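Per chain, numbering begins at 1; letters A, B, ... match sequence-line order. The structure displayed is predicted, hence computed values, not measured ones.
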Amino acid sequence: GAVVSQHPSRVICKSGTSVKIECRSLDFQATTMFWYRQFPKQSLMLMATSNEGSKATYEQGVEKDKFLINHASLTLSTLTVTSAHPEDSSFYICSARDRPATWGTEAFFGQGTRLTVV
Amino acid sequence: KQEVTQIPAALSVPEGENLVLNCSFTDSAIYNLQWFRQDPGKGLTSLLLIQSSQREQTSGRLNASLDKSSGRSTLYIAASQPGDSATYLCAVIAGNTGKLIFGQGTTLQVKP
């Protein structure tokens with residue numbers, strides 16, 4: 001199956017700093033990437049949809065100025081948590097797709113990033 | 001708005017038992033339904049994908065069924081093993097967006 005690589009797997013940062021998470025598609029071109037967030041013992045909630053070369057579409061209730069998404073190439077999307085606070089501590093995970101025609105096929109995810117803000 | 005519900009939230013069974021995990025969704029207009037496994041602190045492992053036109057899929061000891069008309073899917077695990085202990089998530093692609101809508105998951109513990 002398709003390989004999606006996410007880095008870092010774990011990061012601890014101080015409150016007020018920014019953290020960047022990378023999501024790469026290793027063996028295909030990802031025209032669309034999805035970013036999800038998971039709180040402890042809860043399910044995954046979609047944060048935003050990222051299309052290569054255009055602005056991300058954020059889900060209702062997600063602050064776009066807080067969670068900056070950049071999808072500058074067909075193999076890389078980044079999520080930057082700006083001015084992080086302890087309540088931003090969570091598990092962030094990305095999913096990459098190559099084209100809408102394949103959205104009926106299997107979805108593949110990165111390994112996830114555990115963010116802890118202290 | 002599509003909503004996905006999984007029952008039960010947690011399940012504990014002795015090793016060797018056959019078990020069924022349930023997933024229901026409110027809008028039958030789905031592209032497909034996918035079952036995932038998540039180990040604690042880890043990412044998602046795809047288990048089975050059922051296209052909207054299909055009724056079931058099998059992989060090893062796993063069998064997933066789909067009944068679109070009733071908005072239900074089941075994941076059947078045969079001869080459970082301690083290594084099957086994990087959280088199982090079902091998700092549907094709602095409409096022509098590619099977005100996955102997840103259920104809350106069922107946390108399974110298989111006791112030796």
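- Under the 6.0 Å cut-off for aromatic ring centres, B/Phe36 and A/Phe109 qualify, their centroids lying closer than that.
- Sparse packing is recorded around CZ of B/Arg55, with 12 or fewer heavy atoms of other residues, nucleotides or ligands lying under 6.0 Å away.
- Proximity to chain B involves both the backbone and the side chain of A/Leu44, based on heavy atoms less than 4.5 angstrom apart.
- Between A/Met47 and A/Met45 the shortest side-chain heavy-atom distance does not fall below 4.5 Å.
- Interface residue B/Leu44: backbone and side-chain heavy atoms are both found under 4.5 Å from chain A.
- Around CZ of B/Arg37, the count of heavy atoms belonging to other residues, nucleotides or ligands within 6.0 Å exceeds 12.
- Residue contact with chain A, scored on non-hydrogen atoms closer than 4.5 Å, involves the side chain of B/Gln38 exclusively.
- Neither the backbone nor the side chain of A/Gln6 has a heavy atom closer than 4.5 Å to any heavy atom of chain B.
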